[in-house]
*Asks:* 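Got a structure for you, written out below as structure tokens; questions coming shortly.
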2 protein chains.
Amino acid sequence: MTTANINNWKAVEAEVLSRIHSRQWEPGQLIPNESDLALEFGCARATVNRALRSVAESGLLDRKRKAGTRVATNPVRKATLSIPVIREEIESRNQTYSYAVFSSKIEEPPLHIRANMRLNSSERLLHHQSVHIADGKPYVISDRWINLEAVPDIAHVDFSRVSANEWLVANAPFTNGDIAFSATIANDSIAERLGIKGGEALFAIDRTTWNNDTAITAVSLVFHPGYQMRTVV
Amino acid sequence: MTTANINNWKAVEAEVLSRIHSRQWEPGQLIPNESDLALEFGCARATVNRALRSVAESGLLDRKRKAGTRVATNPVRKATLSIPVIREEIESRNQTYSYAVFSSKIEEPPLHIRANMRLNSSERLLHHQSVHIADGKPYVISDRWINLEAVPDIAHVDFSRVSANEWLVANAPFTNGDIAFSATIANDSIAERLGIKGGEALFAIDRTTWNNDTAITAVSLVFHPGYQMRTVV
DNA sequence: CAGTGGTCTAGACCACAAG
DNA sequence: TTGTGGTCTAGACCACTGG
């Protein structure tokens, strides 16, 4: 025997990946169906299915009923990035976390926020601006709008003890959300809050979350200069 | 009957999500084990397993053998973003795609590139700089280093016909890679290549890909002003 | 040690879509 | 029409890990 036993889905996955990388199965090529592979590997079809499904999810295979399974020609690699609570992100680097609120008041939102959250004109919104601090240095500033109709309890929260982010995560589960990543220039107000000079390029994340069709919150995060968001494929 | 039959894994998943969102199962709480849920829903344990595994992958459940399954307290939401071939990204917006090479030559790389690719001092690298153009306007500029030891064939490729990106995707499959997203300021050379004024904030992606332990290529992409990368959770 | 999730199996039926 | 992947089932054993 030159190959180890292929009797579990991880082994099947490894063998499939190996055949793709070695180009034994070339891009665009139809690979054998599940039953044949199960026979070849000496395992159940369900095991082959589990492995092929996993590889397909990573983008390296295209599967269609009746048409069969093909090696993807332009593999659209999918990177998964986790969106951590900022406090945990900072503490995981062994830095001390702190947090300060600039302002927190009920306001009329600008039009683009209303449009973004798809609100009628009647909702009252809490406008909450704060900064998360790592080892005493501003890490990211947060400019958040919260739909009080969706989360009435938040009116009574003491934000000196817990950040709006964490309170919402724990108390206002959302079903779906949009995220946009971009670059922005540090204007005077941003620069002041981050304790930097103006004119620098800053990494920004804009996130809106929903509970089914009602918007919960829209937040704009602007990170300190040099911040990188990393992941692997 | 108030509820529909829960006899497939999608239905089980929907029911589980509903119980989490409605806080019938609260954050941190231990939920029933797979066998009990299977009994309650009237389906096989494997079906419950499929559903719970799916929810756990999205970050809303924490599963541990023996310890059981708990609702995540700080759900680390995972966003998956697909990394498309730039030509396809542009064409999917019904814009016309074109492409131009600024320079392509074998050079000694700067130290940070060598370190990033974890190379010995001996490898020869192809330095390839280009721009991808949408509807006649620069869309993103690419500054790429290619390890000729890993991809010798690339020396003979006619880059006027196919972009380095697409050739590599089709001919140099990789097993893994790192990606970093950041913001950068438009210096003079970047601004000139993007046809903009200097000083603007630009979204940047740095990606290094590997075939097992040998680096294939490191590429730095700098997008036109206003570019956003979007996804959903 | 014992309870939980993780996995495998053999067989069955279904849903989709290519020809 | 028919071949393919998608899924469900009942049962079994295994692997990890908390107590």
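Here is how names work: the chains are called A, B, and so on, in the same order as the sequence lines, proteins then strands, and each is numbered from 1. All values below were derived from every heavy atom in this structure, side-chain atoms included, with hydrogens, water molecules and symmetry-related copies excluded.
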*Asks:* Find the distance Lys10(B):NZ to dA15(C):P and express it as a whole number of Å.
*Replies:*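 Taking NZ of Lys10(B) and P of dA15(C), I get 16 Å after rounding.
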*Asks:* Looking only at the side chains, is there a donor atom on one of Thr96(A) and Asp135(A) sitting less than 3.5 Å from an acceptor on the other?
*Replies:*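 Short answer, yes.
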*Asks:* Round to a whole Å and report the spacing from CZ of Arg63(B) to C1' of dC16(D).
*Replies:*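 Distance, rounded to whole Å: 14 Å.
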*Asks:* Tell me whether Asp158(A) at atom CG has more than 12 heavy atoms from other residues, nucleotides or ligands lying less than 6.0 Å away.
*Replies:*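 Counting other residues, nucleotides and ligands, CG of Asp158(A) exceeds 12 neighbours.
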*Asks:* Can you find a side chain N or O atom of Thr69(B) that sits less than 4.0 Å from OP1 or OP2 on dT4(C)?
*Replies:*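 Indeed not, no polar side-chain atom of Thr69(B) lies that close.
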*Asks:* OP1 or OP2 of dG6(C) versus the side-chain N and O atoms of Arg53(B): is any pair under 4.0 Å?
*Replies:*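 Arg53(B) to dG6(C) OP1/OP2: no side-chain N or O under 4.0 Å.
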*Asks:* Rounded to whole angstroms, how far apart are CG on Asn8(B) and P on dC13(C)?
*Replies:*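 My rounded result for the distance is 18 Å.
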*Asks:* Do Arg65(A) and dA15(C) share a donor-acceptor pair, side chain to base, under 3.5 Å?
*Replies:*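 In this structure, the two groups form a donor-acceptor pair.
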*Asks:* Tell me which residues in residues 27-36 of chain B lie within less than 4.0 Å of DNA chain C, going by non-hydrogen atoms.
*Replies:*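 Per residue number, the list reads Asn33(B), Glu34(B).
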*Asks:* Could you check whether atom NZ of Lys78(A) has more than 12 heavy atoms from other residues, nucleotides or ligands sitting under 6.0 Å from it?
*Replies:*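 Yes, enclosed.
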*Asks:* Whole angstroms only, please: what is the NZ-P distance between Lys66(B) and dC14(D)?
*Replies:*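 Value for this atom pair: 19 Å.
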*Asks:* If we count only N and O atoms by modelled type, under 3.5 Å, do the side chains of Asp143(A) and Ser220(A) hold a donor and an acceptor together?
*Replies:*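 Side-chain D/A pair, Asp143(A) to Ser220(A): absent.
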*Asks:* Without decimals, in angstroms, what is the distance between Arg70(A) CZ and dT4(D) C1'?
*Replies:*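 Those two atoms, CZ and C1', are 12 Å apart.
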*Asks:* Can you confirm whether the side chains of Gln95(A) and Tyr139(A) place a donor and an acceptor under 3.5 Å from each other?
*Replies:*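 Gln95(A) vs Tyr139(A): no donor-acceptor pair found between side chains.
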*Asks:* Looking at Trp210(A), I'd like to know if the NZ or CZ of Arg118(A) sits under 6.0 Å from its six-membered ring centre while staying within 45 degrees of the ring's axis.
*Replies:*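 Checked: cation-pi criterion met.
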*Asks:* Would Tyr99(A) and His132(A) count as a close aromatic pair, with their ring centres under 6.0 Å?
*Replies:*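 Centroid separation for Tyr99(A) and His132(A): below 6.0 Å.
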*Asks:* Atom CG of Asp62(A) and atom C1' of dA17(C): how far apart are they, to the nearest Å?
*Replies:*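 Spelled out: CG on Asp62(A) to C1' on dA17(C) is 16 Å.
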*Asks:* Tell me the interatomic distance from Leu52(A), atom CG, to dT4(D), atom P, rounded to whole angstroms.
*Replies:*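 Rounding to the nearest Å, CG of Leu52(A) and P of dT4(D) are 14 Å apart.
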*Asks:* From dT7(C), dG18(D), dC16(C), pick the nucleotide closest to the side chain of Ala67(B)?
*Replies:*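 Side chain of Ala67(B) sits closest to dG18(D).
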*Asks:* Within the supplied structure, the quantity of interest is the number of heavy atoms (other residues, nucleotides, ligands) at a distance under 6.0 Å from Lys137(A) NZ; does it exceed 12?
*Replies:*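 Counting other residues, nucleotides and ligands, NZ of Lys137(A) stays at 12 neighbours or fewer.
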*Asks:* Using a cut-off of strictly less than 4.0 Å between a heavy atom of the residue and any atom of DNA chain D, enumerate the qualifying residues of residues 37-50 of chain A by number.
*Replies:*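 Contacting residues: Arg45(A), Asn49(A).
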*Asks:* Can you tell me the distance, in whole Å, between the CG atom of Asn7(A) and the C1' atom of dC13(D)?
*Replies:*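 Taking atom C1' of dC13(D) as the reference, CG of Asn7(A) is at 13 Å.
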*Asks:* For a quick check under 3.5 Å, do Asn116(A) and Thr208(A) share a side-chain donor-acceptor pair by atom type?
*Replies:*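 The answer is yes; a qualifying pair exists.
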